[in-house]
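Throughout, protein chains are lettered first and strands after them, A, B, ... in sequence-line order, and every chain is numbered starting at 1. Remember, predicted model here, so these are calculated numbers, not experimental data.
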Number of protein chains: 2
Amino acid sequence: MVLAMKVRQLTFRLLQVYADVVRTGSLTATANRLHLTQPTVSQQLKRLREIVGEPIVSHEEGRLVPTEVGQALYQLSQDLLSRADVFNQYLEEYNRGGRGHFSIGLVNTAQYVLPRLLGPFGQANPQVDVTVEIGNRQQMLNRFERHEDDIYVFSHPPIDDDVLAAPFLSNPLVVVGPQHCRWASVEGLNMDALKEERFLLREPGSATRHTFDAWLYNAGIELRSTQQIASNEAIRLAVASNMGLAVLSRHVVADSPNGVQELPLQGFPLKSRWHFVVRRQRRLPPAAIRFLSYVQGSLAQAFDEPEGEMAVAELLQALEAER
Amino acid sequence: MVLAMKVRQLTFRLLQVYADVVRTGSLTATANRLHLTQPTVSQQLKRLREIVGEPIVSHEEGRLVPTEVGQALYQLSQDLLSRADVFNQYLEEYNRGGRGHFSIGLVNTAQYVLPRLLGPFGQANPQVDVTVEIGNRQQMLNRFERHEDDIYVFSHPPIDDDVLAAPFLSNPLVVVGPQHCRWASVEGLNMDALKEERFLLREPGSATRHTFDAWLYNAGIELRSTQQIASNEAIRLAVASNMGLAVLSRHVVADSPNGVQELPLQGFPLKSRWHFVVRRQRRLPPAAIRFLSYVQGSLAQAFDEPEGEMAVAELLQALEAER
DNA sequence: CAGCACCATAGAAAATCATCTATGACTGTA
DNA sequence: TACAGTCATAGATGATTTTCTATGGTGCTG
């Protein structure tokens, strides 16, 4: 005995037809139901019998009844078809974006804001699994170069034809000092006055540092004393402990300004905006699309940034067009 | 969105190939393993992707890695293939006769003997499900006409070109009387002496009755007093209760002769034999074949009937040839 | 940068499939 | 027995599949 059944030739179509024949007990009925002719069904059945290598139905009093093997085959058919169907449902849900996975790469500072979008999105889409990568600007650029994530958030998107960027949220950089800082109440405070202060700065790879550096350069100012700390949070604590002043995203201090306050420095806040950044060429997982759509529909309400909605809508359109 | 996946076109072959690709992570490797060329595999994969409607693999550092959808598809493949495999194993077992069902129709008297074959067979083949039908000769003939069972046991098989019959066991008919019957010790006892006795007879449809009637007819004897009882067991009890004599298969009284004894009537026992009867044209379930094979191998030992083995062997050969 | 290992695509031929129409065979009922 | 309903078979046809060879692109690796 070789192989009992020629599995390789087995088609789901055949199983579908067979299952219906068993259910109706009639070739003609199945033919009608499936919009085929009776001989077609007859032939399909014959072929299935050949594949199985055994008779699968027999005529009993004008009805087609599955043989013993036929019964087992019917069960198999039901089983396989329903499993295929489950997969199908998964696929549909996946395509709808309600299920699946995507990854988003955040520049450090953005982690103070994105949870406010990712959180509700995750609530609404519990089957979606989001990987959040966090790093400073340089690290994110590296990941971006290697196409490691689906979406990135930068305040200064890399420039490339392949890049689509949607500025969705303003990211004002402010100068902060300790709670009872003497500068807090100075009118018309300017940088010259602060030149002697020690500034706690993020590392050079970070966007905040980069923006501040650029501003200093333009203003022709050189700081006397600086200290480098690679974490917004650590910087905030250090400021609160009177170790110096710092330039931080207002979002970093907005939620819980314990121990620090924004200083009314002229020219500040420095304006910058976060962008959603994706590659044109990359086909985003439907879940990522769904996230962006979600964001697009909630920015105005959540952050009062209607222009952000516009930008994200444009990005989505561009992605759509890219397909 | 129409249908997520074109299920109808899905083939097990495609799933087999795909599963192997995922396992090896290489088209070339799969091509070799499945004795195909690399472009073939490549194309199959492409087709599968079209059926699913989503990319299913992606290149990662020189390896083919399933995408998220691909992973789900791989699981599906494994699942479906292994289920098909289980069915395959069932099929093989079914073909081997170690699993499945058959029905056997027994003439009443044979029920005293067949358990001695069916019992051990059932022990050895617990997955085989046997339906035993029992009736008198006429009832069994009706079933036989309607092709209702796979195997029959008759002492006088119906004659037909379509019929294959193997005499497998002698069925001696003996005259029995009550335990302390006065005829028991009579030398050279003959029928004339018993003419005045009442005879308890099976109903006309039965084979035992038929055989005895024929013998009486040949011997030119007419019985004075008879009573008809449609059950061997009831007849035996009646005989034990001194209600008369009877002709029964020796097998009926052999096991537990409580209350009755065989009478040494000249010309007795009448010789007859049970036959396995099958129709040439009917394809027996493998389990039925296996039963006959089993019988063929155990008659000599169980009943000391080596000729029966021969006859059954011939029947099996004839069936084989019929295919 | 030449070579190698791998994958994708094109092109082609043979096999198989999915269907249809037409027709024959069987079965049970009027 | 004739009719109606149901299934099987034959023959035909276009679509799809399977599979090959040849060839081109890409990305490591020495």
Side-chain angles (χ1 to χ4, degrees), chain A residues 5-67 70 145-147 281 283, chain B residues 5-53 55-67 70 145-148 162 281-283:
Chain A
M5 176 172 63
K6 295 167 186 161
V7 190
R8 20 163 81 212
Q9 308 187 37
L10 195 52
T11 299
F12 277 78
R13 177 58 166 171
L14 245 33
L15 295 181
Q16 284 176 333
V17 172
Y18 175 64
D20 198 82
V21 168
V22 173
R23 270 183 237 118
T24 61
S26 150
L27 299 198
T28 309
T30 291
N32 293 332
R33 289 159 56 102
L34 303 189
H35 307 293
L36 297 170
T37 60
Q38 170 268 313
T40 301
V41 177
S42 184
Q43 213 246 48
Q44 300 279 53
L45 210 61
K46 184 179 179 185
R47 210 154 68 72
L48 186 55
R49 176 173 66 234
E50 281 157 7
I51 288 171
V52 172
E54 282 292 315
I56 51 181
V57 293
S58 67
H59 298 236
E60 310 272 324
E61 301 158 15
R63 249 186 95 75
L64 284 177
V65 178
T67 62
E145 282 313 314
R146 290 191 223 106
H147 298 63
Q281 152 273 14
R283 212 173 61 154
Chain B
M5 176 171 63
K6 296 168 187 163
V7 189
R8 21 165 83 211
Q9 308 187 38
L10 195 53
T11 300
F12 276 79
R13 179 56 166 173
L14 285 181
L15 295 181
Q16 283 177 335
V17 172
Y18 176 63
D20 198 82
V21 168
V22 172
R23 270 182 236 116
T24 61
S26 150
L27 300 198
T28 309
T30 291
N32 292 332
R33 290 159 55 105
L34 303 189
H35 308 292
L36 295 170
T37 60
Q38 170 268 312
T40 301
V41 178
S42 183
Q43 216 250 43
Q44 301 278 54
L45 210 63
K46 185 180 178 185
R47 212 156 66 74
L48 186 57
R49 176 172 67 232
E50 279 159 8
I51 289 172
V52 172
I56 51 182
V57 294
S58 67
H59 298 236
E60 310 271 323
E61 299 157 16
R63 248 184 96 76
L64 284 177
V65 178
T67 60
E145 281 313 313
R146 289 192 225 105
H147 297 65
E148 296 197 52
D162 188 33
Q281 151 273 16
R282 183 183 188 102
R283 213 173 63 154

Give the rounded distance in Å between these two atoms: [atom1] of [X] and [atom2] of [N].
| X | N | atom1 | atom2 | value |
| --- | --- | --- | --- | --- |
| K46(A) | dT16(C) | NZ | P | 14 Å |
| L45(B) | dC6(C) | CG | P | 16 Å |
| N32(B) | dT19(D) | CG | P | 15 Å |
| L10(A) | dC17(C) | CG | P | 11 Å |
| R13(A) | dA18(C) | CZ | C1' | 9 Å |
| Q9(A) | dA18(C) | CD | P | 10 Å |
| K6(B) | dT17(D) | NZ | C1' | 14 Å |
| L34(A) | dA18(C) | CG | P | 13 Å |

Base, sugar-phosphate or nothing for [X]? Non-hydrogen atoms, less than 4.0 Å.
| X | answer |
| --- | --- |
| T37(B) | base |
| S26(A) | sugar-phosphate |
| Q43(A) | base |

According to a strict under-4.0 Å criterion, is [X] in side-chain N/O contact with OP1 or OP2 of [N]?
| X | N | answer |
| --- | --- | --- |
| Q44(B) | dT19(D) | yes |
| T40(B) | dC20(D) | yes |
| S42(A) | dA8(D) | yes |
| H59(A) | dA8(D) | yes |

Here's a test of your reading of the structure: between Q38(A) and L14(A), which maps to the more 5' nucleotide of DNA chain C?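 Comparing both residues, the 5'-ward one is L14(A).
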
Note, [X] side chain near [Y] side chain (heavy atom, < 4.5 Å):
| X | Y | answer |
| --- | --- | --- |
| Q38(A) | V41(A) | no |
| V57(A) | Y18(A) | yes |
| T11(A) | L10(B) | no |
| Q43(A) | P39(A) | no |

Among [options], the one nearest [X] by side-chain distance:
| X | options | value |
| --- | --- | --- |
| L36(A) | dC20(C), dA8(C), dT9(C) | dC20(C) |
| R47(A) | dA8(C), dA18(C), dA8(D) | dA18(C) |
| P39(B) | dC7(D), dC17(C), dA8(C) | dA8(C) |

Want to settle it: does T28(A) or R8(A) sit nearer the 5' end of DNA chain D, counting the closest nucleotide to each?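 Result: T28(A).
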
Does either side chain, that of T67(B) or that of S58(B), offer a donor lying less than 3.5 Å from an acceptor on the other one?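 Side chains of T67(B) and S58(B): no pair found under 3.5 Å.
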
